[in-house]
Enquirer: 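One structure coming up, written as structure tokens, with questions to follow.
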Amino acid sequence: MNICQRTRTGAVLLAVAGLSFGSLSAQAAMDPYIEQALIQVCKSSASNSMIEFSTTLREYRINEQRVFPRLVCNGESLHQFAMSHGADRTAKKIGRFLPGKVTISDMAMIPEEEKLYVSFR
């Protein structure tokens, strides 16, 4: 193999590699069935009908723990989307699956004059 053939072979390999990377981004598109399922979850969450919402979740076999914290409907989290559409009942169910926030503070470092307020249910 002379230098010209090696260069041509290298250029062909680079072109094939470039095409394969281009096709990877095209394959990253969401499966239409999954996209339709998630759209239906968003729509049913905005309906405030627990029967419709539960039926949609069962029909598409949605795992609430995995999907609810990650699903974004029209730029809003699923919980916020339901709340913005006045769907308080479905939002309450969705809220159970959202991650909580934990903060740790050193009680000895809090000044004595600062009051500590606690609320619970």
Side-chain angles (χ1 to χ4, degrees):
M1 236 172 143
N2 62 24
I3 288 198
C4 188
Q5 287 176 329
R6 284 186 202 164
T7 305
R8 197 173 331 156
T9 304
V12 170
L13 288 175
L14 286 175
V16 169
L19 290 175
S20 66
F21 285 123
S23 67
L24 285 178
S25 63
Q27 292 174 354
M30 191 179 299
D31 179 14
Y33 177 79
I34 294 173
E35 184 177 18
Q36 185 62 32
L38 296 178
I39 289 170
Q40 289 304 319
V41 170
C42 289
K43 287 180 178 180
S44 66
S45 73
S47 73
N48 205 28
S49 167
M50 289 305 295
I51 294 171
E52 181 181 343
F53 189 59
S54 298
T55 302
T56 303
L57 296 178
R58 265 194 316 274
E59 180 180 335
Y60 290 106
R61 298 179 183 171
I62 299 295
N63 181 334
E64 293 97 339
Q65 293 174 337
R66 296 189 74 185
V67 174
F68 287 0
R70 295 172 180 85
L71 182 57
V72 176
C73 303
N74 293 342
E76 298 177 310
S77 71
L78 180 62
H79 185 259
Q80 189 61 40
F81 182 76
M83 292 295 291
S84 66
H85 285 82
D88 57 330
R89 288 184 291 185
T90 53
K92 184 177 178 181
K93 178 174 178 140
I94 295 165
R96 294 191 329 221
F97 296 97
L98 298 179
K101 293 182 180 178
V102 176
T103 57
I104 299 173
S105 60
D106 187 0
M107 299 301 280
M109 296 301 293
I110 297 175
E112 284 186 33
E113 60 273 355
E114 186 175 335
K115 294 181 181 180
L116 302 173
Y117 295 93
V118 179
S119 60
F120 58 93
R121 295 181 211 187

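Every value quoted in this text rests on a predicted model; they were computed, and no experiment measured them. Residue indices begin at 1 and follow the sequence shown.
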Enquirer: Going by the disulfide bond (SG atoms under 2.5 Å apart) test, which pairs reach into residues 31-72, not counting sequence neighbours?
Expert: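 Those involving residues 31-72 are Cys42-Cys73.
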
Enquirer: Does the pair Phe81 and Val41 meet the rule for a side chain to side chain contact (heavy atoms under 4.5 Å, CB included), with working shown?
Expert: CA-CA 11 Å; Phe81 182 76; Val41 170; over 6 Å; no

Enquirer: Which distance, rounded to the nearest 0.5 Å, do you find between the CD of Glu59 and the OG of Ser54?
Expert: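 Taking CD in Glu59 and OG in Ser54, the distance rounds to 12.5 Å.
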
Enquirer: Testing the basics here: between Ala82 and Thr90, what is the closest heavy-atom pair and its distance to 0.1 Å?
Expert: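 Looking at all heavy atoms of both residues, the shortest contact is CB-OG1, 4.0 Å.
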
Enquirer: Could you name each residue pair satisfying side chain to side chain donor-acceptor pair (under 3.5 Å) that touches residues 60-86, not counting sequence neighbours?
Expert: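 Matches after skipping sequence neighbours: Glu76-Ser84.
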
Enquirer: Side-chain contact, heavy-atom cut-off 4.5 Å: Val67 with Leu38?
Expert: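 With C-beta onward as the side chain, the pair touches.
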
Enquirer: Atom NZ of residue position Lys43 - does it have more than 12 heavy atoms of other residues, nucleotides or ligands inside 6.0 Å?
Expert: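 No, the 6.0 Å shell around NZ holds no more than 12 heavy atoms from other groups.
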
Enquirer: Under 4.5 Å between side-chain heavy atoms, counting indirect links through other Ile/Leu/Val/Met/Phe/Trp/Tyr residues: same cluster for Leu78 and Leu57 or not?
Expert: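 The answer is yes; both residues are in one hydrophobic cluster.
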
Enquirer: Please report the shortest heavy-atom distance between Ile94 and Ser45, naming the atom on each side.
Expert: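 Shortest heavy-atom separation between Ile94 and Ser45 comes out as CD1-CB, 4.0 Å.
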
Enquirer: How long is the gap from CZ on Phe68 to CZ on Arg96, to the nearest 0.5 Å?
Expert: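 Answer rounded to 0.5 Å: 9.0 Å.
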
